[in-house]
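Within every chain, numbering begins at 1; the chains are lettered A, B, ... in the order of the sequence lines, protein sequences first and strands thereafter.
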There are 2 protein chains.
Amino acid sequence: MRSYAGRSAEERRTERREKLIEAALELFGTEGYAATSIEKLCATAGVSTRNFYQEFSGREDLLLAVHGQITERAVAGIAELLSSLENAPLAVRISKAVTEYVRLTAGDPRVARVAYVELVGVSQTVEEHRLSWRAKWSALMEAEAARAASRGEAVTRDFHLSTVAIMGAVNELVYHWSTKRTDASRETVTAELTRLIMALLTVP
Amino acid sequence: MRSYAGRSAEERRTERREKLIEAALELFGTEGYAATSIEKLCATAGVSTRNFYQEFSGREDLLLAVHGQITERAVAGIAELLSSLENAPLAVRISKAVTEYVRLTAGDPRVARVAYVELVGVSQTVEEHRLSWRAKWSALMEAEAARAASRGEAVTRDFHLSTVAIMGAVNELVYHWSTKRTDASRETVTAELTRLIMALLTVP
DNA sequence: GCAAACTGACAAGACGGCTTTTCAGATTTA
DNA sequence: TAAATCTGAAAAGCCGTCTTGTCAGTTTGC
């Protein structure tokens, strides 16, 4: 491996990888995963098919990479936000977390589509990836609920099913809003979700 | 067209159609839509590929037929149930409707998988079909909410976003439970959903 | 300047599924 | 019984995609 065009081999690989992930976000997020061939991906990224197979084992691998990037950003953003609101009241923590989540995932409609539509039902492998992320989100929310309960801000009960329901509600609403923004303002959407989550945490 | 093997042409066509829909439910619901070829479908149904193309324009057409059957049964079941509970209190109507919905869609895990996973993100056409059904459910729920409000059983506000959130919550939880029944009893699931819906209808 | 390494573009083989056609055999009607 | 009709099974052509291999041209290190 030798440097080339002023860049090291490592840099060239990383750059190609990023260009392919960007192209995947664009194509998977607008035309759909099923309708996107590897040739289209490479043409959009300005990369040869040979390069493609140097970075990814196939189209599915690229899909997982795109989703991984999206979700890692979202998890990191929410975790950082919550830790910065250490002593804020529950309603504020929930409201700000929801607002940030909506911003991160629905800010770009392509992101929402990849995360909530294109990733679903692709294959056994992708499905396992999807469900494992879902479990992580669920655990994060259960921890937050337990914290609220211990501070007397929420009732004490098993919140596992509640977190699953919340994920469904949040994702469906975020996707709905990302496709039909005329339906309501962003504030209305976050208010609706905050109301739902607060209700689940405080109603016995 | 002539009768054959004691059956009219119409009967033979209907029977083949039903056998194909049953095979599709089995294969789409266990191995997945993407992994199911037309040959597999025909072999499972005990029908030739020639017959297949006499009944359906392609694999996607069959998927829509399966989902149509599932959803029509669910809508009809819920509508009938609600009209039979004309004067029952809201909590009872919601609870029984949720119970019936869970029974209809999660009773058979294959049904849940086809409805909530395999139908998502297949193609533009299928997506339109899916979103139009979602809009119908939303309208049904909005009407029910308006009815409850006029009887003083719910607050008066725009419930559109709430119905979208409810659909997400219900579908996610039903699917979750249909795959991991050990997590909770059916009663726990319906109780969780009833709580969520009642909270959204009564919290301002 | 030169050999070695790397590049993108292109092509070609492999593969699998879709869709139509063919065909021999079974069943019905006259 | 004979002709017409319908049947399932098999095959064959078609198509698009994936994946690997080749190649001439460019850049690098010495």
Side-chain angles (χ1 to χ4, degrees), chain A residues 1-24 27-28 31-66 118 121-126, chain B residues 1-24 26-28 30-66 118 121-126:
Chain A
M1 283 295 161
R2 163 195 287 190
S3 72
Y4 207 78
R7 282 174 207 141
S8 74
E10 189 67 22
E11 286 172 332
R12 279 173 282 147
R13 288 197 49 174
T14 305
E15 193 190 352
R16 278 197 291 258
R17 216 182 153 79
E18 282 169 359
K19 283 204 280 185
L20 279 167
I21 288 180
E22 170 58 31
L27 292 173
F28 293 167
E31 302 186 6
Y33 176 75
T36 301
S37 69
I38 290 181
E39 278 184 54
K40 261 192 208 168
L41 284 165
C42 293
T44 303
V47 160
S48 74
T49 58
R50 195 159 159 249
N51 292 139
F52 179 91
Y53 286 102
Q54 280 168 354
E55 301 305 321
F56 300 97
S57 68
R59 202 164 49 116
E60 198 171 294
D61 193 22
L62 177 53
L63 176 65
L64 293 184
V66 176
E118 298 303 326
V122 168
S123 73
Q124 192 63 31
T125 309
V126 175
Chain B
M1 283 294 163
R2 162 194 288 187
S3 73
Y4 206 78
R7 285 177 205 137
S8 74
E10 189 68 20
E11 284 171 334
R12 279 173 282 147
R13 289 198 48 175
T14 305
E15 192 190 353
R16 277 197 292 257
R17 213 182 156 80
E18 281 169 0
K19 282 203 280 184
L20 280 167
I21 288 180
E22 171 57 32
E26 173 63 26
L27 292 173
F28 294 166
T30 57
E31 303 186 6
Y33 176 75
T36 301
S37 69
I38 291 181
E39 279 182 53
K40 261 193 208 167
L41 284 165
C42 292
T44 303
V47 160
S48 73
T49 58
R50 188 158 161 253
N51 293 139
F52 178 91
Y53 286 102
Q54 281 168 354
E55 300 305 323
F56 300 99
S57 66
R59 201 164 51 115
E60 198 171 295
D61 193 22
L62 177 54
L63 176 65
L64 292 183
V66 176
E118 298 304 326
V122 169
S123 73
Q124 192 63 31
T125 309
V126 175

Can you measure from CG (B:Leu63) to CD (B:Glu118) and round to the nearest 0.5 angstrom?
-> 8.0 Å
Can you name the salt bridge (Lys or Arg N to Asp or Glu O under 4.0 Å) partners of B:Arg50, sequence neighbours left out?
-> none
Nearest whole angstrom, please: distance from the P of D:dC18 to the CD of A:Glu55.
-> 18 Å
Nucleotide by nucleotide, nucleotides 15-22 of chain C touches protein heavy atoms under 4.0 Å in the pattern (B base, S sugar-phosphate only, - none) ---SBBBB
Among side-chain atoms of A:Ser123 and A:Glu60, is any donor-acceptor pair under 3.5 angstrom?
-> yes
Determine, stepwise, if the pair B:Leu64 / B:Phe56 fulfils side-chain contact (heavy atoms from CB on, under 4.5 Å).
-> CA-CA 10 Å; B:Leu64 292 183; B:Phe56 300 99; over 6 Å; no
Spacing between A:Phe56 atom CZ and D:dT20 atom C1', to the nearest angstrom = 19 Å
Please check the phosphate of D:dG8 (OP1 and OP2 only) for any side-chain N or O of B:Asn51 closer than 4.0 Å.
-> yes
What is the distance from CZ of B:Arg12 to C1' of C:dT27, rounded to the nearest Å?
-> 10 Å
Salt bridge (Lys or Arg N to Asp or Glu O under 4.0 Å) filter on A:Glu39, not counting sequence neighbours, yields none
Distance, rounded to the nearest Å, where A:Leu62 contributes CG and D:dC18 contributes C1' | 15 Å
side-chain contact (heavy atoms from CB on, under 4.5 Å) between A:Arg17 and A:Leu20: does it pass, once the steps are laid out?
-> CA-CA 5 Å; A:Arg17 216 182 153 79; A:Leu20 279 167; 5.9 Å; no
Tell me: CG of B:Leu41 to C1' of D:dG8, nearest whole Å?
-> 17 Å
CD of A:Glu15 versus P of C:dC6: gap in Å, rounded?
-> 17 Å
Rounded to whole Å, the CD-P distance (A:Gln54 to C:dC6) equals 10 Å
Using whole Å, report how far CZ of A:Arg13 lies from C1' of C:dT7.
-> 15 Å
